[in-house]
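These notes concern the structure reproduced below.
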Amino acid sequence: MKIYNTMSRKKEDFVPVEEGRVKIYACGVTVYDLCHIGHARSAVVFDVIRRYFRYKGFDVTYIRNFTDIDDKIIKRANEEGIPWHEVARKYTEEYYRDMDALGIERADIEPRATEYINEMIEMIKVLIEKGYAYVVDGDVFYSVDKFKDYGKLSHRSMDELRAGARVEVDRRKRNPLDFALWKASKEGEPSWESPWGPGRPGWHIECSVMSMKHLGETFDIHGGGADLIFPHHENEIAQSEAYTGKPFARYWVHNGFITIAKEKMSKSLGNFFTIRDILERFDPEVVRLFLLSTHYRSPIEFSEEQLKETEAGVDRFYSTVMRVESYLQRMSKKEKDIPEQNRMEELLSGFRGRFEEAMDDDFNTALAIGHIFEMIKEVNRYLDAKPGGKKAEETLNRAMAEIRELSGVLNIFQRSPRQWHLSLLKTRKIGITEAEIQQKIKERQEARAKKDWQRADAIRDELSARGIVLEDTLQGTLWRVKI
RNA sequence: GGCGGCGUACCCAAGUGGCUAAGGGAGAGGUCUGCAAAACCUUUAUUCGCCGGUUCGAAUCCGGCCGCCGCCUCCA
C-alpha cells in the first residue's frame, strides 16, 4: 500500500510499526456547534481508511477525539446561558446523530480532552523540567526555539513562519510562535487545579497525551483536515517528540477542503452548510458517495447540482439491483451460450484486483468507485443478453455479491432497493405510502389487462406528478422515486 | 511577501512517460416497450490552460507565461 505522507510530501510504502497492526489517530471536532459538511468529509475519509485496513486484514486501532473544552465552547456557553459541559454534551450528541446517519462507524476509542487533564498536567511538568516550556503568570508556553525540528511538517522555517505572522504578539512569549500548553483561567471560567494555578489545557496538548496513552509513543497514522497541519499538528509533534525523544507519527494524512464558489468552506466566511441542512434534502448515502467520488486530498466543490448527479448514481446502483432481482425470479432455466458470459467472467475475476489496486494507491476511492460503476454497467449489459440456466444465475449472484462486498468497504450500496426508495420518499417529503402506491399499481394492472391504455396512463401520470415512476417489466410493475 | 497545490469533454472526475485518455451526470440519435421507464448501443477530448524544451515517445518530465485556490490566525 502507498500512502501520501504530508511530512515527506511523497507517497510512501506503508510499513506499520507492528506487523499486522495499524494504529490511527484522527483529530475530531470541537463540540461547540453543529458539524458542517467539511467535518463530514474528514470523518468519512478516515472511516474509509480504517475500513480498508480492516478489509486488508490489519488489526486496526482507530482513535478519534473530542475537544470538549476550549474558548469557543466557553463562548458558546455564555451565549446560550448554559454550563460549558452542557454545550459539549449537547453537540457531542448532535455529532453522533449526523455521523451515524452518514454511516460513520464509532472509533475504537473516543477520548475527550477533559478526561485527561491529569495526564496533560504531568506531560507539561516534564516539558518544563526538560526546558521546553516556561511559566508566565499561571500560563505555560511551549518554547519553539528549543525544538530544532519545529516546522518540519508544514515545511516552513522559523523565519518564514515569523515573517508571515499576522497575529498580535503576546509580549510575555519568548518567541511569537510559542503556544500555550496551559492557560490560566479568568474569573468564572472553567478551571482545573494545577501546579501553575487554576486553568485549563491548551488545545494541542490533548492529542499528544491521548494518542500516546492509547497508541504508544510512536504510532502509524495521524491525520485530520489539511487546516490542522499548522499549527495544530506541528505543535503536537513539538510537544510529543520533545517529551519522548522519539518520532511521533509515521504517516501524516490530511484531507482536502470542501469549497463553495472555489473558496474554502469555513465558519468565519459564513459559506458553510451543516450536515443537518444537507440531510434535510439528500439521503446520507448520496452525501457519502459524493464525498468519496473525489480523491481525499483534492478540494471538492460543494454544490446542489453535484449532489443531484450523485443521487442519480446511487439510484443507478439500486435500479440495477432491482433489475437483477426481478430477472433472477423468473429467468429461463435453459442453459444458453452467449458471448457475454466470457466477458462477464473475465471482468468479474479482475474486479477485486482493480478495486484493491485503486485503494492501495493512497486510498483512491474515486477510481475504486469508477470500477464499481463499470461492473454495474457490465451486469446490465449481461442482463440484456438474456442469459439463462444455472451458470448465469451463479454469475449474477457472484457479481452482485462482489459489488456489494467491495462497496461495503466504502460503506455504500448496502441497502435494498426498497429501503432506498422508502428513504427517498421521506427525504423528498412525498406524502404517499408504499401501500398506496401498490394499490395504484394494482388498479393500473387491471386497466392494462383490459388494454385500457388511457386509464393505465392516467394512473401512471398521476403518480409521476407526485414523483413516483412506474416501470413495467416482464416480472411485473416496479415503482421508484423519480430522480 | 514566503511556501504549496490545482487547471483533463457541456458538468463532475480518475489517469503523472508508451495498450482505444477510466467512471458518473447531462444532451442528441437508436434498440427494447401498447406508450413509457429502466437498461443497452452510438455520439459529445486526434486531445489534456497557453508557449517552448527534453525524449523514439508526454496529459504525464523540465522552463516560462496565464488563471484559480490553500497555508503562514481559530478552523475538518
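Side chains are part of it too, since the values below use all heavy atoms of this structure and drop only hydrogens, waters and symmetry mates. Here is how names work: the chains are called A, B, and so on, in the same order as the sequence lines, proteins then strands, and each is numbered from 1.
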Answer with base, sugar-phosphate or nothing: what part of the nucleic acid does [X] contact at a heavy-atom distance below 4.0 Å?
| X | result |
| --- | --- |
| A:Ile229 | nothing |
| A:Gly224 | sugar-phosphate |
| A:Gly256 | base |
| A:His295 | sugar-phosphate |
| A:Met322 | nothing |

Practice item. For the pair A:Tyr296 and A:Val44, evaluate side chain to side chain contact (heavy atoms under 4.5 Å, CB included) and give the outcome as yes or no after the intermediate values. Key: CA-CA 10 Å; A:Tyr296 78 88; A:Val44 167; over 6 Å; no
Contacting residues from [range], given that a heavy atom lies under 4.0 angstrom of RNA chain B:
| range | result |
| --- | --- |
| residues 440-456 of chain A | A:Arg444, A:Arg448, A:Trp453 |
| residues 463-483 of chain A | A:Val469, A:Leu470, A:Glu471, A:Asp472, A:Arg480 |
| residues 281-294 of chain A | A:Ser293, A:Thr294 |
| residues 73-80 of chain A | none |

Practice item. Using the side chain to side chain donor-acceptor pair (under 3.5 Å) rule, pick out the option among A:Glu285, A:Arg323, A:Gln419 that qualifies with A:Tyr318. Key: A:Glu285
From [options], pick the nucleotide closest to the side chain of [X]?
| X | options | answer |
| --- | --- | --- |
| A:Arg156 | B:C72, B:A14, B:A76 | B:C72 |
| A:Val29 | B:A76, B:C35, B:A14 | B:A76 |
| A:Ala366 | B:C68, B:A14, B:A39 | B:A14 |
| A:Pro231 | B:C74, B:C35, B:A76 | B:C74 |
| A:Asn380 | B:C72, B:G2, B:A39 | B:A39 |

Review point. Pick from A:Asp71, A:Asp68, A:Asp139: which one makes a salt bridge (charged side-chain N to carboxylate O under 4.0 Å, His left out) with A:Arg200?
Key: A:Asp71
Review point. In this structure, which one of A:Lys72, A:Lys267, A:Arg276 forms a salt bridge (charged side-chain N to carboxylate O under 4.0 Å, His left out) with A:Asp33?
Key: A:Lys267
Rounded distance in Å between the [atom1] positions of [N] and [M]:
| N | M | atom1 | value |
| --- | --- | --- | --- |
| B:G67 | B:U73 | C1' | 27 Å |
| B:G1 | B:C56 | P | 40 Å |
| B:A28 | B:C10 | C1' | 12 Å |
| B:A38 | B:G49 | C1' | 39 Å |
| B:C12 | B:C3 | C1' | 30 Å |
| B:G7 | B:A14 | C1' | 15 Å |
| B:G53 | B:A59 | P | 15 Å |
| B:C50 | B:A39 | P | 35 Å |

Could you list, one pair per line, each protein nitrogen or oxygen that sits under 3.5 Å from a nitrogen or oxygen of nucleotides 24-28 of chain B, together with the distance?
residue: B:G24; atom: OP1; partner: A:Arg316; partner atom: NH2; Å: 3.4
residue: B:G24; atom: N2; partner: A:Glu309; partner atom: OE1; Å: 3.1

On a plain distance test, is the side chain of [X] in donor-acceptor contact with the base of [N] below 3.5 Å?
| X | N | value |
| --- | --- | --- |
| A:Arg381 | B:C41 | no |
| A:Asp227 | B:G70 | no |
| A:Arg323 | B:A39 | no |

Exercise for review: Check whether more than 12 heavy atoms from other residues, nucleotides or ligands sit under 6.0 Å from atom CZ of A:Arg418, and answer yes or no.
Suggested key: no
**Study point:** Heavy atoms from other residues, nucleotides or ligands near CD of A:Gln445 exceed 12 (cutoff 6.0 Å)
**Key:** yes
**Study point:** RNA chain B: 5'-proximal contact among A:Glu301 and A:Asp315 (nearest heavy atom)
**Key:** A:Glu301
Exercise for review: On RNA chain B, check which nucleotide each of A:Lys11 and A:Phe230 is closest to and give me the residue with the more 5' one.
Suggested key: A:Lys11
What is the distance, rounded to the nearest whole Å, between atom [atom1] of [X] and atom [atom2] of [N]?
| X | N | atom1 | atom2 | result |
| --- | --- | --- | --- | --- |
| A:Leu269 | B:C69 | CG | C1' | 13 Å |
| A:Ile376 | B:A38 | CD1 | P | 16 Å |
| A:Ile338 | B:C40 | CD1 | P | 15 Å |

Salt bridge [X]-[Y], side-chain N to carboxylate O under 4.0 Å:
| X | Y | answer |
| --- | --- | --- |
| A:Glu436 | A:Arg466 | no |
| A:Arg381 | A:Glu340 | no |
| A:Arg455 | A:Glu446 | no |
| A:Glu234 | A:Arg156 | no |

Check your understanding: Tell me, what's RNA chain B's dot-bracket, Watson-Crick or G-U with both distances under 3.5 Å, | for other-strand, [ ] crossing?
Key -> ((((((((.[[[..)..(....]]]((((((.......))))))....[[[[[..)....]]]]])))))))....
Distance (rounded to the nearest 0.5 Å) between [X] [atom1] and [Y] [atom2]:
| X | Y | atom1 | atom2 | answer |
| --- | --- | --- | --- | --- |
| A:Arg448 | A:Asp457 | CZ | CG | 9.0 Å |
| A:Asp361 | A:Met1 | CG | CE | 10.0 Å |
| A:Thr310 | A:Asp315 | OG1 | CG | 12.5 Å |
| A:Phe363 | A:Tyr52 | CZ | OH | 8.0 Å |

Practice item. Walk me through it: do A:Tyr142 and A:Tyr150 pass the test ring-ring contact (aromatic ring centres under 6.0 Å, His included)? Key: CA-CA 11 Å; A:Tyr142 185 97; A:Tyr150 196 77; 7.2 Å; no
Point to revise | Cation-pi check, A:Arg106 onto A:Tyr96 ring (under 6.0 Å, within 45° of axis) | key: yes
Any side-chain donor paired with an acceptor under 3.5 Å for [X] and [Y]?
| X | Y | value |
| --- | --- | --- |
| A:Glu345 | A:Gln341 | yes |
| A:Glu263 | A:Asn271 | no |
| A:Glu236 | A:Ser208 | no |

Exercise for review: With A:His222 as reference, evaluate A:Phe46, A:Tyr62, A:Phe248 under the ring pair (Phe, Tyr, Trp, His ring centres under 6.0 Å) test and give the passing residue.
Suggested key: A:Phe248
Review point. Are OP1 or OP2 of B:C71 and a side-chain N or O of A:Lys264 less than 4.0 angstrom apart?
Key: yes
Check your understanding: Just wondering, do A:Val29 and A:Cys35 contact through their side chains at under 4.5 Å, heavy atoms?
Key -> yes
